[in-house]
Amino acid sequence: MVRIADILHGGHTGRELELKGWIYRTRSVGGKVFVVLRDDTGILQATISKDAVPADAFAAIAKALIESAVTVRGTVVEDKRAPGGFEIRATGVLVVHFAEKFPIQEDLSEEFLLDVRHLWVRSQRMTRIFRVRHATFAAVHEYFRDQGFWEVHPPMITPAGSEGGATLFEVEYFGRKAYLTQSWQLYAEALALAMSKVYYIGPSFRAEKSRTTRHLTEYWHAEMEQAWAGMDDVIKHAESVIAHACHRVAEACPGDVAALGRPPEVLKAVRAPFERLTYDEALRILKAKGMDLEWGKDLRTLEERALTEGKAQPIIVTHYPRVSQAFYKARDPTRPDLVLGFDVIGGDGVGEIVGGSERETDLETIRKSLVDQGEDPKAYGWYLDSRRYGSVPHAGFGMGMERLIQWICKLEHIRDAVPFPRTPARFAP
RNA sequence: GCCGUCGUAGCUCAGUCUGGUAGAGCCCCUGACUGUUAAUCAGGUGGUCUCCGGUUCGAAUCCGGACGACGGCGCCA
């Protein structure tokens, strides 16, 4: 089948061919109808003259509304008057389906677009993002496989959470309570002791009522776990996988990211290592900017924005205070009040893209952390077995795919990084 | 969990302060136009003013409540 993108690249100029697509715009001037068609690769104008096609076909195309499905047979010509510089001059045209009045027009509100999301996904903006998403997923898989990681899959239905008392979606499981996974974390550690280097990309669910431009209740999580590795080892993977994804997207869809507001040159220039600072250094920088954050408090949106302001690529913050960090994060042997944990923080309001850490290997230390956080170690019985049978240093991270895509595409809101976003207020369409 | 804004035609909104027969643009329909770029021009269709209750001779408008949505913060990826 002929692709519009190939026509726009001059690949079919002068040829007679048949194009299938949907009406994106239609204009009529008496004896001529200009129909802009879209397919999955772009938009192209078809020019239909009254005297070049059968009378009934002309009458049909003249009254076909936006989003009608049509096939056009004709010759591809280069013409400056056509949007995009190319058009197809029809010798035949068939309206496969006459669309009803399409609800989406020029003036749009966020609310309405979310109501008709199933139709809005046809827009140029959304299809551009989908192509970038496609390339991003491919790049992340490619990176980990090239680096010798095994793709292994955790369950989506789980008996408990991984982040202490965090917010889980409950599901009824044959009369018992189960939960949708919010991270493969605990399973990853078990799998890393089986397969050494493991990764996976899949959905995570968080029942947090977060009303922000960077939260979804259902999002795609790229996670990795590596045995015989420390924090620095996995930081390198985090930087490299992000850089690799940026490069691949820049190669695969430069026009799409450019149209979305992210010049492909910026993506090509993303390079590891990223700027790295410790939590203590971050606090000093913030203080110099007049933002006094109490030691021990997590960086908030405000602080993350200040730290990434003007940066062309994400930055990394390491060595967070141990207070209120997840129980499985390893203590810094030289500073027991810190953990060997890190975040990759993107600019443009995206914030934390990656969160990771070296894992605590000592059974008793983990037990104590669980108790300190008010958890019952018994509930983590199977997980704690990883510290009973051949416990080794290991580390890993989780990356929010939509956050990465949000950063790459410079999206104002994370919900556009996924076709049908799930947020606290909305789970339809 | 906290704070704020909004709800009128299919869509985007005005009208609400100061109560008196529901408005505009776009879409759509009809007609004109053989190079339009959000085409243009002329005419036309289209309403449970979110819902419930109250005040009033009279409520889109004033009062009370409910519901829904959007935006921001916190938490996280």
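Chain identifiers are assigned alphabetically (A, B, ...) following the order of the sequence lines, protein sequences preceding nucleic acid strands; residue numbering begins at 1 within each chain. Predicted model, so just to flag it, every value in this text is computed and none were measured.
One interatomic measurement links the two molecules: CG of A:Asp298 to P of B:C75, which rounds to 6 Å at whole-angstrom precision. The nearest whole Å value for the distance from the CD atom in A:Glu111 to the P atom in B:G68 is 13 Å.
An aromatic stacking contact links A:Tyr219 with the base of B:A77, defined here by ring centres under 5.5 Å apart and ring planes under 30° from parallel.
Ion pairing between A:Arg276 and A:Asp232 holds under the 4.0 Å rule for side-chain N and carboxylate O. Ion pairing of A:Arg300 with A:Glu303 is present here, as a side-chain N (NZ or NE/NH1/NH2) and a carboxylate O approach within less than 4.0 Å.
Put simply, the side chain of A:Lys32 and the base of B:G35 share a donor and an acceptor less than 3.5 Å apart.
Across residues 78-94 of chain A, A:Asp79, A:Arg81, A:Ala82, A:Pro83, A:Glu87, A:Arg89 each have a non-hydrogen atom less than 4.0 Å from an atom of RNA chain B (numbered order). Looking at residues 419-429 of chain A, you'll see A:Ala425, A:Arg426 sit with a heavy atom under 4.0 Å from some atom of RNA chain B.
With 3.5 Å as the limit, one finds a donor-acceptor pair spanning the side chains of A:Arg359 and A:Ser357. Side-chain contact annotation: A:Arg415 with A:His215, donor-acceptor N/O pair under 3.5 Å absent.
Nearer to the 5' terminus of RNA chain B, by closest-nucleotide assignment, is the contact made by A:Lys101 (compared with the other of A:Lys101 and A:Gly400).
In this structure, A:Tyr320 and A:Tyr279 have tilted ring planes: the angle between them lies in the 30° to 60° band. The aromatic rings of A:Tyr380 and A:Phe327 stand perpendicular to each other, their planes meeting at an angle above 60°, with 30° marking the opposite boundary.
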Distance-only donor-acceptor pairs under 3.5 Å for side chains of residues 49-59 of chain A, two or more places apart:
none

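Note on A:Ser204: nothing from the nucleic acid sits closer than 4.0 angstrom, heavy atoms only. Counting non-hydrogen atoms under 4.0 angstrom, A:Leu216 reaches a base of the nucleic acid. A:Arg211 comes within 4.0 angstrom of a base, heavy atoms only. Heavy atoms of A:Thr301 sit under 4.0 angstrom from primed sugar atoms or phosphate atoms, though from no base atom.
When side chains are defined from C-beta on, A:Thr127 does not count as touching A:Asp40, because their heavy atoms never get closer than 4.5 Å.
Separation of the A:His141 and A:Tyr143 ring centroids does not fall under the 6.0 Å cut-off.
In this model, the phosphate group of B:U34 is not approached by any side-chain N or O of A:Arg27 to a distance below 4.0 Å at OP1 or OP2.
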